[in-house]
*Asks:* 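I'd like to ask you about the structure that follows.
Side chains included, hydrogens not; waters and symmetry mates left out as well; all remaining heavy atoms used. Order of listing sets the numbers, starting from 1, for every ligand and every atom in it.
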Amino acid sequence: MAAASSGLILGIESSCDETAAAVVRRGAEILSNVVASQIPIHSPYGGVVPELASREHLRNILPVVRSALAQAGVTYQDLDAIAVTAGPGLAGALLVGISFAKALAASLDKPLIAVNHLEGHIHAVLLGDGRGAGAAASEIREASSRPVLALVVSGGHTHLYLARVHENAWTYRNVGRTVDDAAGEAFDKVAKLLGLGYPGGPWIDALAPHGNPEAVPFTFSQIKAKAHRKGDPAALDPAEATYFSFSGIKTAVLRYVHVHEMEPSIEKRRAALAAVADLRPSHALPLCDRRTLDLIASFQRSVIDDLRRKTFRAAERFHVDRILVSGGVAANRELRVRFTADAAENGLAIAFPALALATDNAAMIAAAAWPKFLAREFAAPSLTAEPSLALGSRP
Ligand code: KG4
Ligand code: ZN
(Lines give C-alpha, C1' and ligand atoms only; values in the text may rest on other atoms or scores of the structure.)
(Ligands and ions follow the chains in the order given, each with its own letter.)
Protein backbone atom coordinates (compact mmCIF):
# COMPACT_ATOMS: atom_id res chain seq x y z
CA MET A 1 0.00 0.00 0.00
CA ALA A 2 1.99 3.01 -1.24
CA ALA A 3 -0.31 5.56 0.37
CA ALA A 4 0.18 4.07 3.84
CA SER A 5 3.72 5.36 4.03
CA SER A 6 2.96 8.87 2.79
CA GLY A 7 1.49 10.03 6.09
CA LEU A 8 -1.33 12.09 4.59
CA ILE A 9 -4.04 13.13 7.00
CA LEU A 10 -7.17 15.03 6.04
CA GLY A 11 -8.18 17.29 8.94
CA ILE A 12 -11.73 18.58 9.35
CA GLU A 13 -12.72 21.36 11.77
CA SER A 14 -16.23 22.71 12.37
CA SER A 15 -16.38 23.47 16.11
CA CYS A 16 -17.41 27.11 15.86
CA ASP A 17 -17.78 29.50 12.94
CA GLU A 18 -15.15 28.28 10.47
CA THR A 19 -15.65 25.29 8.19
CA ALA A 20 -12.13 24.07 7.55
CA ALA A 21 -10.31 21.19 5.85
CA ALA A 22 -6.60 20.61 5.34
CA VAL A 23 -4.20 17.97 4.12
CA VAL A 24 -1.04 17.67 6.21
CA ARG A 25 1.86 15.27 5.64
CA ARG A 26 3.34 13.54 8.67
CA GLY A 27 1.95 16.16 11.07
CA ALA A 28 4.28 18.89 9.84
CA GLU A 29 3.97 19.74 6.15
CA ILE A 30 0.84 21.60 5.08
CA LEU A 31 -0.25 20.60 1.57
CA SER A 32 -3.48 22.59 1.76
CA ASN A 33 -5.36 24.59 4.37
CA VAL A 34 -8.85 25.77 3.38
CA VAL A 35 -10.98 27.86 5.75
CA ALA A 36 -14.50 29.04 4.91
CA SER A 37 -15.20 31.81 7.37
CA GLN A 38 -18.74 32.61 8.47
CA ILE A 39 -17.84 36.10 9.70
CA PRO A 40 -20.23 37.91 7.31
CA ILE A 41 -23.10 35.62 8.46
CA HIS A 42 -22.64 36.27 12.20
CA SER A 43 -21.38 39.83 11.96
CA PRO A 44 -24.81 41.52 12.13
CA TYR A 45 -25.45 39.70 15.45
CA GLY A 46 -22.06 40.58 16.97
CA GLY A 47 -21.49 36.92 17.90
CA VAL A 48 -21.88 33.36 16.65
CA VAL A 49 -25.50 32.21 16.20
CA PRO A 50 -25.32 28.40 16.69
CA GLU A 51 -28.19 27.49 14.33
CA LEU A 52 -26.77 29.61 11.54
CA ALA A 53 -23.33 28.12 12.14
CA SER A 54 -24.60 24.53 11.72
CA ARG A 55 -26.47 25.46 8.56
CA GLU A 56 -23.39 27.11 7.07
CA HIS A 57 -21.18 24.14 7.98
CA LEU A 58 -23.63 21.85 6.16
CA ARG A 59 -23.49 24.06 3.09
CA ASN A 60 -19.69 24.39 3.14
CA ILE A 61 -18.31 21.07 4.29
CA LEU A 62 -18.24 19.25 0.94
CA PRO A 63 -16.84 22.14 -1.16
CA VAL A 64 -14.22 22.88 1.51
CA VAL A 65 -13.05 19.25 1.71
CA ARG A 66 -13.00 18.98 -2.08
CA SER A 67 -10.91 22.09 -2.45
CA ALA A 68 -8.51 20.96 0.31
CA LEU A 69 -7.90 17.75 -1.67
CA ALA A 70 -7.61 19.59 -4.99
CA GLN A 71 -5.16 22.17 -3.62
CA ALA A 72 -3.07 19.39 -2.09
CA GLY A 73 -3.15 17.51 -5.39
CA VAL A 74 -4.31 14.29 -3.74
CA THR A 75 -7.33 12.03 -4.03
CA TYR A 76 -9.44 10.47 -1.29
CA GLN A 77 -7.58 7.21 -1.91
CA ASP A 78 -4.20 8.82 -1.15
CA LEU A 79 -5.24 9.67 2.41
CA ASP A 80 -4.05 7.59 5.35
CA ALA A 81 -6.63 8.82 7.84
CA ILE A 82 -9.41 11.32 8.44
CA ALA A 83 -9.07 13.49 11.55
CA VAL A 84 -11.91 15.54 12.97
CA THR A 85 -12.51 17.90 15.88
CA ALA A 86 -14.64 16.03 18.45
CA GLY A 87 -14.94 18.97 20.90
CA PRO A 88 -15.07 21.32 22.65
CA GLY A 89 -17.40 23.54 20.64
CA LEU A 90 -20.98 24.04 19.54
CA ALA A 91 -22.81 20.69 19.49
CA GLY A 92 -24.60 21.18 16.18
CA ALA A 93 -21.52 22.64 14.50
CA LEU A 94 -19.26 19.81 15.69
CA LEU A 95 -21.78 17.22 14.51
CA VAL A 96 -21.55 18.37 10.91
CA GLY A 97 -17.80 17.76 10.77
CA ILE A 98 -17.98 14.53 12.77
CA SER A 99 -20.81 13.03 10.68
CA PHE A 100 -19.02 13.93 7.48
CA ALA A 101 -15.69 12.55 8.69
CA LYS A 102 -17.30 9.34 9.92
CA ALA A 103 -19.10 8.78 6.64
CA LEU A 104 -15.92 9.49 4.69
CA ALA A 105 -13.79 7.19 6.83
CA ALA A 106 -16.35 4.38 6.58
CA SER A 107 -16.82 4.68 2.84
CA LEU A 108 -13.06 4.81 2.19
CA ASP A 109 -12.25 2.20 4.82
CA LYS A 110 -9.69 4.55 6.39
CA PRO A 111 -9.12 5.17 10.09
CA LEU A 112 -10.92 7.99 11.85
CA ILE A 113 -9.04 10.07 14.44
CA ALA A 114 -10.78 12.27 17.03
CA VAL A 115 -8.92 15.44 17.99
CA ASN A 116 -9.54 17.84 20.84
CA HIS A 117 -9.78 21.36 19.40
CA LEU A 118 -7.49 22.72 22.15
CA GLU A 119 -4.83 20.13 21.37
CA GLY A 120 -5.15 21.29 17.77
CA HIS A 121 -4.36 24.87 18.81
CA ILE A 122 -1.23 23.66 20.62
CA HIS A 123 -0.07 21.70 17.57
CA ALA A 124 -0.56 24.74 15.30
CA VAL A 125 2.70 26.04 16.79
CA LEU A 126 4.58 22.97 15.56
CA LEU A 127 3.42 23.34 11.96
CA GLY A 128 5.53 24.90 9.24
CA ASP A 129 8.37 26.94 10.67
CA GLY A 130 6.10 27.83 13.61
CA ARG A 131 8.28 30.84 14.24
CA GLY A 132 6.08 33.79 14.88
CA ALA A 133 8.31 36.01 16.98
CA GLY A 134 11.23 34.22 18.55
CA ALA A 135 11.62 30.73 17.06
CA ALA A 136 11.80 27.72 19.41
CA ALA A 137 9.14 25.63 17.65
CA SER A 138 11.61 22.94 16.65
CA GLU A 139 13.01 22.96 20.15
CA ILE A 140 9.49 22.47 21.46
CA ARG A 141 8.84 19.67 18.98
CA GLU A 142 11.86 17.83 20.32
CA ALA A 143 10.85 18.60 23.86
CA SER A 144 11.44 15.09 25.19
CA SER A 145 9.73 14.65 28.52
CA ARG A 146 10.49 18.16 29.78
CA PRO A 147 7.21 20.05 29.82
CA VAL A 148 6.34 23.08 27.74
CA LEU A 149 3.89 25.63 29.11
CA ALA A 150 1.11 26.21 26.58
CA LEU A 151 -1.22 29.21 26.80
CA VAL A 152 -4.28 28.58 24.62
CA VAL A 153 -6.09 31.87 24.33
CA SER A 154 -9.06 32.13 22.00
CA GLY A 155 -12.67 33.25 21.73
CA GLY A 156 -13.89 30.32 23.80
CA HIS A 157 -10.89 29.41 25.96
CA THR A 158 -8.14 30.74 28.16
CA HIS A 159 -6.18 27.73 29.38
CA LEU A 160 -2.67 26.96 30.59
CA TYR A 161 -1.33 23.45 30.01
CA LEU A 162 1.86 21.66 30.84
CA ALA A 163 2.42 19.68 27.64
CA ARG A 164 4.88 16.81 27.40
CA VAL A 165 5.85 14.64 24.47
CA HIS A 166 7.37 11.26 25.02
CA GLU A 167 8.04 8.90 22.12
CA ASN A 168 5.59 10.85 19.99
CA ALA A 169 2.77 10.67 22.52
CA TRP A 170 1.60 13.99 23.94
CA THR A 171 0.13 14.37 27.42
CA TYR A 172 -1.35 17.48 28.97
CA ARG A 173 -1.96 18.75 32.45
CA ASN A 174 -4.39 21.62 32.77
CA VAL A 175 -2.88 24.13 35.20
CA GLY A 176 -4.91 27.25 34.49
CA ARG A 177 -8.24 28.42 33.15
CA THR A 178 -10.64 31.34 33.10
CA VAL A 179 -13.38 31.43 35.70
CA ASP A 180 -15.70 33.40 33.42
CA ASP A 181 -15.13 34.93 29.97
CA ALA A 182 -12.29 33.90 27.67
CA ALA A 183 -9.80 36.61 26.69
CA GLY A 184 -11.01 36.61 23.06
CA GLU A 185 -14.59 36.93 24.27
CA ALA A 186 -13.56 40.11 26.14
CA PHE A 187 -12.03 41.50 22.91
CA ASP A 188 -15.26 40.64 21.07
CA LYS A 189 -17.58 42.12 23.70
CA VAL A 190 -15.59 45.32 24.17
CA ALA A 191 -15.37 45.84 20.40
CA LYS A 192 -19.12 45.32 20.16
CA LEU A 193 -19.92 47.81 22.90
CA LEU A 194 -17.65 50.37 21.23
CA GLY A 195 -19.50 49.97 17.91
CA LEU A 196 -16.65 48.17 16.14
CA GLY A 197 -16.83 45.09 13.88
CA TYR A 198 -16.93 41.37 14.61
CA PRO A 199 -14.89 39.48 15.68
CA GLY A 200 -13.46 42.24 17.83
CA GLY A 201 -9.86 41.07 18.27
CA PRO A 202 -8.50 42.22 14.89
CA TRP A 203 -10.28 45.60 15.27
CA ILE A 204 -8.82 46.27 18.70
CA ASP A 205 -5.41 45.02 17.51
CA ALA A 206 -5.50 47.49 14.60
CA LEU A 207 -6.74 50.51 16.61
CA ALA A 208 -4.75 50.07 19.85
CA PRO A 209 -1.42 51.43 18.46
CA HIS A 210 -3.18 54.77 17.87
CA GLY A 211 -4.06 55.26 21.55
CA ASN A 212 -2.23 55.65 24.84
CA PRO A 213 -2.20 52.29 26.66
CA GLU A 214 -1.62 54.01 29.99
CA ALA A 215 -4.50 56.48 29.69
CA VAL A 216 -7.13 54.39 31.50
CA PRO A 217 -5.77 52.58 34.55
CA PHE A 218 -7.76 49.35 34.71
CA THR A 219 -6.83 48.02 38.10
CA PHE A 220 -6.13 44.44 38.99
CA SER A 221 -9.15 44.20 41.24
CA GLN A 222 -11.30 44.51 38.13
CA ILE A 223 -9.78 41.43 36.57
CA LYS A 224 -8.98 39.45 39.70
CA ALA A 225 -9.93 35.77 39.62
CA LYS A 226 -12.84 34.60 41.69
CA ALA A 227 -12.28 32.19 44.53
CA HIS A 228 -12.02 28.49 43.86
CA ARG A 229 -15.49 26.90 43.94
CA LYS A 230 -15.79 24.35 46.69
CA GLY A 231 -17.09 20.91 45.74
CA ASP A 232 -16.46 21.41 42.01
CA PRO A 233 -14.75 18.18 40.92
CA ALA A 234 -13.52 19.83 37.73
CA ALA A 235 -11.92 22.73 39.57
CA LEU A 236 -8.15 23.05 39.68
CA ASP A 237 -6.16 22.81 42.86
CA PRO A 238 -6.10 26.47 43.94
CA ALA A 239 -2.62 26.16 45.35
CA GLU A 240 -1.15 25.34 41.96
CA ALA A 241 -3.65 26.66 39.47
CA THR A 242 -3.76 29.95 37.62
CA TYR A 243 -7.13 31.64 37.30
CA PHE A 244 -8.00 34.20 34.69
CA SER A 245 -11.09 36.40 34.73
CA PHE A 246 -12.07 38.73 31.92
CA SER A 247 -15.65 39.69 32.63
CA GLY A 248 -14.65 42.43 35.09
CA ILE A 249 -12.68 44.43 32.56
CA LYS A 250 -15.58 44.31 30.13
CA THR A 251 -17.85 45.80 32.83
CA ALA A 252 -15.18 48.40 33.62
CA VAL A 253 -15.10 49.47 29.96
CA LEU A 254 -18.90 49.71 29.97
CA ARG A 255 -18.79 51.88 33.09
CA TYR A 256 -16.13 54.12 31.55
CA VAL A 257 -18.33 54.57 28.48
CA HIS A 258 -21.31 55.61 30.67
CA VAL A 259 -19.33 57.97 32.87
CA HIS A 260 -17.80 59.74 29.89
CA GLU A 261 -21.09 59.80 27.96
CA MET A 262 -19.57 58.11 24.95
CA GLU A 263 -22.82 56.44 23.78
CA PRO A 264 -23.81 59.01 21.11
CA SER A 265 -20.40 58.84 19.41
CA ILE A 266 -20.52 55.01 19.57
CA GLU A 267 -23.93 54.96 17.88
CA LYS A 268 -22.64 57.32 15.19
CA ARG A 269 -19.67 55.04 14.55
CA ARG A 270 -21.87 51.93 14.48
CA ALA A 271 -24.18 53.54 11.91
CA ALA A 272 -21.28 54.81 9.79
CA LEU A 273 -19.61 51.38 9.71
CA ALA A 274 -22.91 49.63 8.92
CA ALA A 275 -22.98 51.59 5.66
CA VAL A 276 -19.48 50.53 4.56
CA ALA A 277 -19.11 47.74 2.03
CA ASP A 278 -16.10 45.42 2.42
CA LEU A 279 -15.65 46.50 6.03
CA ARG A 280 -12.11 46.52 7.48
CA PRO A 281 -10.69 47.73 10.83
CA SER A 282 -8.91 50.63 9.08
CA HIS A 283 -12.35 52.09 8.30
CA ALA A 284 -12.92 52.67 12.03
CA LEU A 285 -9.82 54.80 12.68
CA PRO A 286 -11.21 58.14 11.39
CA LEU A 287 -14.40 57.40 13.35
CA CYS A 288 -12.62 57.09 16.72
CA ASP A 289 -11.76 60.11 18.89
CA ARG A 290 -8.74 60.29 21.19
CA ARG A 291 -10.67 59.08 24.27
CA THR A 292 -11.93 56.01 22.39
CA LEU A 293 -8.48 55.14 21.05
CA ASP A 294 -6.98 55.54 24.53
CA LEU A 295 -9.68 53.28 25.97
CA ILE A 296 -9.01 50.61 23.31
CA ALA A 297 -5.23 50.76 23.85
CA SER A 298 -5.61 50.60 27.64
CA PHE A 299 -8.02 47.66 27.45
CA GLN A 300 -5.68 45.68 25.20
CA ARG A 301 -2.63 46.46 27.35
CA SER A 302 -4.45 45.36 30.53
CA VAL A 303 -5.61 42.04 29.07
CA ILE A 304 -2.18 41.27 27.63
CA ASP A 305 -0.39 42.23 30.84
CA ASP A 306 -2.67 39.97 32.84
CA LEU A 307 -2.07 37.04 30.44
CA ARG A 308 1.65 37.74 30.45
CA ARG A 309 2.09 38.12 34.21
CA LYS A 310 0.16 34.95 35.03
CA THR A 311 1.77 32.88 32.30
CA PHE A 312 5.31 33.78 33.32
CA ARG A 313 4.46 33.24 36.98
CA ALA A 314 3.21 29.75 36.09
CA ALA A 315 6.38 29.12 34.08
CA GLU A 316 8.40 29.89 37.16
CA ARG A 317 6.19 27.78 39.42
CA PHE A 318 6.51 24.73 37.19
CA HIS A 319 10.18 25.34 36.28
CA VAL A 320 9.59 25.30 32.53
CA ASP A 321 11.91 27.03 30.11
CA ARG A 322 9.71 26.96 27.02
CA ILE A 323 6.37 28.65 26.42
CA LEU A 324 4.02 28.47 23.49
CA VAL A 325 1.06 30.76 22.93
CA SER A 326 -1.72 29.74 20.56
CA GLY A 327 -5.39 30.38 19.70
CA GLY A 328 -7.03 33.35 18.00
CA VAL A 329 -5.77 35.95 20.49
CA ALA A 330 -2.19 34.78 19.80
CA ALA A 331 -2.59 36.63 16.48
CA ASN A 332 -2.46 39.89 18.44
CA ARG A 333 0.62 41.94 17.57
CA GLU A 334 1.12 43.61 20.95
CA LEU A 335 0.72 40.24 22.68
CA ARG A 336 3.50 38.76 20.55
CA VAL A 337 5.84 41.69 21.15
CA ARG A 338 5.30 41.79 24.92
CA PHE A 339 5.46 38.01 25.45
CA THR A 340 8.61 37.85 23.33
CA ALA A 341 10.28 40.63 25.32
CA ASP A 342 9.36 38.98 28.62
CA ALA A 343 10.65 35.61 27.42
CA ALA A 344 13.97 37.16 26.40
CA GLU A 345 14.27 38.93 29.74
CA ASN A 346 13.61 35.70 31.61
CA GLY A 347 15.76 33.50 29.37
CA LEU A 348 12.82 31.41 28.17
CA ALA A 349 12.15 30.13 24.64
CA ILE A 350 8.81 31.19 23.18
CA ALA A 351 6.88 30.17 20.06
CA PHE A 352 3.68 31.28 18.34
CA PRO A 353 1.84 29.77 15.38
CA ALA A 354 2.09 31.39 11.97
CA LEU A 355 -0.60 34.11 11.88
CA ALA A 356 -2.96 32.13 9.65
CA LEU A 357 -2.74 29.16 12.01
CA ALA A 358 -3.52 31.09 15.21
CA THR A 359 -7.25 31.26 14.49
CA ASP A 360 -9.34 28.16 13.80
CA ASN A 361 -8.15 25.94 10.97
CA ALA A 362 -7.99 22.25 10.09
CA ALA A 363 -4.23 21.97 9.52
CA MET A 364 -3.79 22.06 13.29
CA ILE A 365 -6.31 19.22 13.63
CA ALA A 366 -4.45 17.08 11.10
CA ALA A 367 -1.16 17.91 12.85
CA ALA A 368 -2.46 16.90 16.28
CA ALA A 369 -3.78 13.68 14.74
CA TRP A 370 -0.37 12.53 13.51
CA PRO A 371 0.98 11.15 16.83
CA LYS A 372 -2.38 9.42 17.32
CA PHE A 373 -2.08 7.90 13.85
CA LEU A 374 1.37 6.55 14.73
CA ALA A 375 -0.02 5.15 17.99
CA ARG A 376 -3.04 3.70 16.12
CA GLU A 377 -5.30 5.62 18.44
CA PHE A 378 -8.41 5.52 16.28
CA ALA A 379 -11.94 6.65 17.07
CA ALA A 380 -14.85 4.25 17.32
CA PRO A 381 -17.68 4.50 14.80
CA SER A 382 -19.82 5.69 17.70
CA LEU A 383 -17.80 8.94 17.94
CA THR A 384 -20.05 11.88 18.66
CA ALA A 385 -19.78 15.57 19.51
CA GLU A 386 -18.51 16.45 22.98
CA PRO A 387 -19.28 20.15 23.44
CA SER A 388 -17.46 20.36 26.81
CA LEU A 389 -14.57 18.03 26.04
CA ALA A 390 -11.65 18.82 28.38
CA LEU A 391 -7.98 18.44 27.50
CA GLY A 392 -5.64 16.54 29.78
CA SER A 393 -5.68 15.74 33.43
CA ARG A 394 -6.29 18.39 36.04
CA PRO A 395 -4.14 18.72 39.15
O1 KG4 B 1 -9.10 30.33 17.97
P2 KG4 B 1 -10.25 31.09 17.43
O3 KG4 B 1 -10.33 31.32 15.95
O4 KG4 B 1 -11.60 30.42 17.83
C5 KG4 B 1 -11.86 29.84 19.08
O6 KG4 B 1 -11.43 28.67 19.28
O7 KG4 B 1 -12.47 30.55 19.90
O8 KG4 B 1 -10.26 32.49 18.20
C9 KG4 B 1 -11.15 33.50 17.86
C10 KG4 B 1 -10.93 34.66 18.84
C11 KG4 B 1 -11.95 35.76 18.74
O12 KG4 B 1 -12.37 36.11 20.03
C13 KG4 B 1 -11.16 36.90 18.09
O14 KG4 B 1 -11.63 38.19 18.46
C15 KG4 B 1 -9.78 36.64 18.63
O16 KG4 B 1 -9.64 35.24 18.61
N17 KG4 B 1 -8.75 37.26 17.79
C18 KG4 B 1 -7.92 38.23 18.23
C19 KG4 B 1 -7.12 38.60 17.11
N20 KG4 B 1 -7.49 37.83 16.03
C21 KG4 B 1 -8.50 37.02 16.48
N22 KG4 B 1 -7.79 38.80 19.43
C23 KG4 B 1 -6.85 39.77 19.57
N24 KG4 B 1 -6.07 40.19 18.54
C25 KG4 B 1 -6.16 39.64 17.32
N26 KG4 B 1 -5.38 40.05 16.32
ZN1 ZN C 1 -10.19 27.68 18.37
*Asks:* Near the Zn ion (ligand 2), is there an N/O/S atom from His157 that is less than 2.8 Å away?
*Replies:*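 It does not: His157 brings no N, O or S atom closer than 2.8 Å to the Zn ion (ligand 2).
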
*Asks:* Counting each atom of ligand 1 from 1 as listed, which ones have a heavy atom of His121 under 4.0 Å away?
*Replies:*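 Within the 4.0 Å cut-off of His121, ligand 1 contributes 1 (O), 6 (O).
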
*Asks:* Identify, for atom 7 (O) of ligand 1, the protein heavy atom at the shortest distance, and state residue, atom and that distance.
*Replies:*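 Scanning the protein heavy atoms, the shortest distance from atom 7 (O) of ligand 1 goes to Gly155 N, 2.9 Å.
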
*Asks:* Give the atom numbers and elements of ligand 1 that come within less than 4.0 Å of a heavy atom of Gly156.
*Replies:*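 Listed by number with element, the hits are 7 (O).
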
*Asks:* Step through it carefully: locate the ring centre of Phe299, locate the ring centre of Phe187, and say whether they are under 6.0 Å apart.
*Replies:*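 Yes: the rings meet the under 6.0 Å criterion.
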
*Asks:* Which atom name would you report as the N, O or S atom of His117 nearest the Zn ion (ligand 2)?
*Replies:*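 The Zn ion (ligand 2) is closest to the His117 atom NE2, counting only N, O or S.
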
*Asks:* Just to confirm my output: which protein heavy-atom neighbour is closest to atom 26 (N) of ligand 1, and how far is it?
*Replies:*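 Sorting protein heavy atoms by distance from atom 26 (N) of ligand 1 puts Asp205 OD2, 2.8 Å first.
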
*Asks:* Pick one of side chain, backbone, both or neither for how Glu18 approaches ligand 1, counting any non-hydrogen atom pair under 4.0 Å.
*Replies:*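 The answer is neither.
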
*Asks:* Students often mix this up, so state it plainly: with edges at 30° and 60°, are the rings of His123 and Trp170 parallel, tilted or perpendicular?
*Replies:*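 Correct class here is perpendicular.
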
*Asks:* Looking only at N, O or S atoms, which one in Asp360 sits nearest to the Zn ion (ligand 2)?
*Replies:*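 Result for Asp360 and the Zn ion (ligand 2): OD1.
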
*Asks:* Between His159 and Tyr161, what is the ring plane arrangement, given parallel below 30°, perpendicular above 60°, and tilted in between?
*Replies:*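 Answer is tilted, since the angle falls between 30° and 60°.
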
*Asks:* Who's the nearest protein heavy-atom neighbour of atom 14 (O) of ligand 1, and how far?
*Replies:*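 Atom 14 (O) of ligand 1 sits closest to the protein heavy atom Asp188 OD1, 2.6 Å.
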
